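Structure record follows, encoded as structure tokens.
First the proteins, then the strands, lettered A, B, ... as listed; each starts at 1. Note that this is a predicted model, so its numbers are computed, not measured. Atom set for the values below is all heavy atoms of this structure, side chains included, hydrogens, waters and symmetry mates excluded.
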Amino acid sequence: MWDAFAVGFMNQGLTPSIWVVVSLGVGTFLGANLIWATVISVIFAGIGFPLVWGILGGSMPRSGGEYIYNSRILHPIVGIAQSFGDAVIWLMWIYVLAPLAVDPGLTMTFQFVGWAGAANWLTDHTWSAFLVATLFNIIGFMFVVFGIRIFAKVQKVIMFFGIGGCAVIGVVLTVTSRASFMAKWDVWVTANGSADLVYHNFSNVVAKAAGVASIPTTWNWADTLGVMVAMSWLFAYAYSISFIAGEVKRPDKTIILSNLFAILVPAAFMLWIGLAMYHSIGFQFLSASGYADNNGIDAIGKLPWSTHFVGLAAVMAGGSAFGKVVSAIMGLSYVAFTMWWIALSYLAFPRILFAWGMDRMGPKWFTDINPRFASPVKNHILCFVLGEGLLALYFFKLNSTMQNITVTGMQITSVFAVTALAAVLFPYMKRSKGVWDSSPYKTWKFLGLPMVVWGGAINLIYLALLLYEFIFKKAAGAFTGGSTILFAAVWVLGVIWYFFWKQRSKSVGVDVSMTYGELPPE
Amino acid sequence: MIKLFFVTDIHGSSVCYRKFLNALPIYGVDVAVLLGDLTGKVLVPFVAKGNDAWECTLMGQHRDIGSKEELAEYKKVVENAGYYWVHQTREEFEETRSDPANIDALFKSLVFTRVQEWLDLADERLEGKPYQMYMCPGNDDWFVIDDMIDNAKLVHPCDKRIVQIDNHEMVTSSASNPTPWDTPREMNEEDLEKHLRGLVDQIKNQETAIYNFHVPPYGYSLDLCPKLDETLTMSAEEKIHAGSIGAKKLIEENQPLLGLFGHIHESRGAQKAGRTLLINPGSEYSEGILKGVIIMLDKKKVKDYVFTSG
């Protein structure tokens, strides 16, 4: 249970996800209320995700992620197409997250302790950032390739440091009064040649840079619902547990409960840090600082570090030796979570390939397990090579600031929505009747409807809300022409992949439908 | 080319057994091999409370059953999971429980009855059909079951002998190395190697032979299972190899064409050992899912294989 929870919780990314919520979320939706957004997100995500992923995982406890559920419940073509999308998504996370571990992760940590040269070395040269991101990619690879035992042990240590660092941020934000923060901020900006950014003038400067009359001083519902898109980073990703569903004890209880706790714990942190930020930083200043960090406005160019929420906590911690140690711990928390995200890509991607291989939807070597490490080493190596290639592409070709949200948009449509739909249909599909009949959740009902249907429906409402914000509101950057073509191309490739392997198997006398069909017992 | 369907470790699950029989025409196989373990491990007494009400303990939970319809549902769940049920009065239940010998006798009678029902069903379904079906127990199964298979009409026994499948000699063994459960067909490694060697030495052509051993060879990915602690609780994060060193030696020495194994339910997979293709189709009998593998066998090579799940 503990390890399964850790896999789900670590994929929620705590510190960097709160950074996304504040900088990308509040920085875009300036009138967002973090407390209401958290409460609404937790109600939807806390009911929907555990019921969907817990019940599907507990009913089909195999380590291949949602491919297993969608191919068995909906159709093998849908299963492969969306799983193809998910495999690409896990690879994309490597090139999104390894650079984030470098900047702002490592750079902020160096800046906090006064190693401006080291930070500049990372930000001023593409090659240096690429090399360090590669180092993170290698570390992520090494932690997983030698088997689940080593992975689980290291994960505990990383989680301890990650949560500890985030708790330190919470404590600093909680114990600092508004007056104390204002005084420290004013001293800090003045000392760094930016006296125009003093607390009482900061929002005006940001408003001018943003081209708006003023930064909102209070919240509104439209922006509060909008920020939930960024907040999905904190609450929608515990589904990573499904990639080890076949390797946990008592999957019927473990998967559903670890999904739930992996949502509740980040929610508790978000509420704590949200309230603490409103207490010490203030609503308007927080929105302005989020905008400034997200958009990298010129006015903050002289400051030693950006105005993200960890940076603001570092200002509160102060420049003493003790303050620097505290700030470094906070920065390393960000690094720990982003680095572990990469490791989780190495947990998921090889297992997706393994599940395809078992269904003859890929070459036979997809199913090779190294007997020494009990791990699909060849798939890990493939993941590393592809991830490294994408990293090079990111640093030397793409370098788009919206790619993280592009991946989120793709994940919501291709993975979460399809799987939620499968959950709604699970009890009623002839194709999966046998699985449902032997499911331990068959008797779980509310108002006469199976709980898995409720979970899927609630999940779909939540995802529809996020998609609405993506498509029609300020988060529309996720659905640029290029990203839409990418989504479609990945699905088409998945369908081609299915028919290629189906045909290839047929040529040697194998009907792959044997691997998906339910045999009649009578 | 022949199409061989191989399934293992259904542990008393009637639904899996019925699916196995139905799979033969659906998958269009020529030869089907059902390797042990054939028998289940749990007995569920339905204790009468009067007025069409019963109680039982199922999967660690006490259940009250309020109607005949509900009872029928529970019986189905019990059978599909590979368990055995019996109707008892409170007095009968207490009497059975008071003496382990009573429990053993009752359990064995239910186990043997189900195996006989299965064999009768196969005779009924295979009558006049072109499929050849082989059946062999596993280490969990009592020796009485061998006699039952030997006496079956259309199900062919294959344990401890060489049978000819098209161009291929198939040698089968139900034995295993020691397990924490002290099951009927366990041998120490030395004896097991001798036993297996005695069998494989009878093969005329190792190049086209099929080794059909219940226990997989040690040290490959097909024998990985969770480590158990002193209380037999499984570790979630530590796996160990539980296969047979003797089986490994013989496969590596003789390099047969194909090795078919079971025993370790979690380690579904395929792996090469030199020229030998090793396969363990795994088992999810308790979920009512029939795991298997279909192998396309040419005269001298394995043309292809596909794992099935139905």
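- Sparse packing is recorded around NZ of B:Lys249, with 12 or fewer heavy atoms of other residues, nucleotides or ligands lying under 6.0 Å away.
- Contact of A:Phe354 with chain B is made through the side chain alone, with heavy-atom distances under 4.5 Å.
- Highest contact tally toward chain A, considering only B:Val306, B:Thr308, B:Ile294, is held by B:Val306 [criterion: heavy-atom pairs under 4.5 Å].
- For A:Phe160, the CZ atom sits in a loose shell: 12 or fewer heavy atoms of surrounding residues, nucleotides or ligands are nearer than 6.0 Å.
- The 12-atom threshold is not exceeded at CD of B:Glu73, counting heavy atoms of other residues, nucleotides or ligands nearer than 6.0 Å.
- One finds a salt bridge joining B:Asp304 and A:Arg504 here, because a Lys/Arg side-chain nitrogen approaches an Asp/Glu carboxylate oxygen to under 4.0 Å.
- Other residues, nucleotides and ligands contribute only 12 or fewer heavy atoms inside 6.0 Å of the CZ atom of A:Phe161.
- With a threshold of 4.5 angstrom between heavy atoms, B:Tyr305 approaches chain A through its backbone and through its side chain.
- Considering NZ of B:Lys272 and NZ of A:Lys364, their distance stands at 8.0 Å, rounded to 0.5 Å.
- Listed here is the closest heavy atom pair of B:Ala270 and A:Asp368: O-OD1, 4.2 Å.
- From B:Tyr220, atom OH reaches atom CD1 of A:Ile369 across 15.5 Å, with rounding to the nearest 0.5 Å.
- Between the B:Arg268 side chain and the A:Met358 main chain, no donor and acceptor come within less than 3.5 Å of each other.
- Other residues, nucleotides and ligands contribute more than 12 heavy atoms inside 6.0 Å of the NZ atom of B:Lys303.
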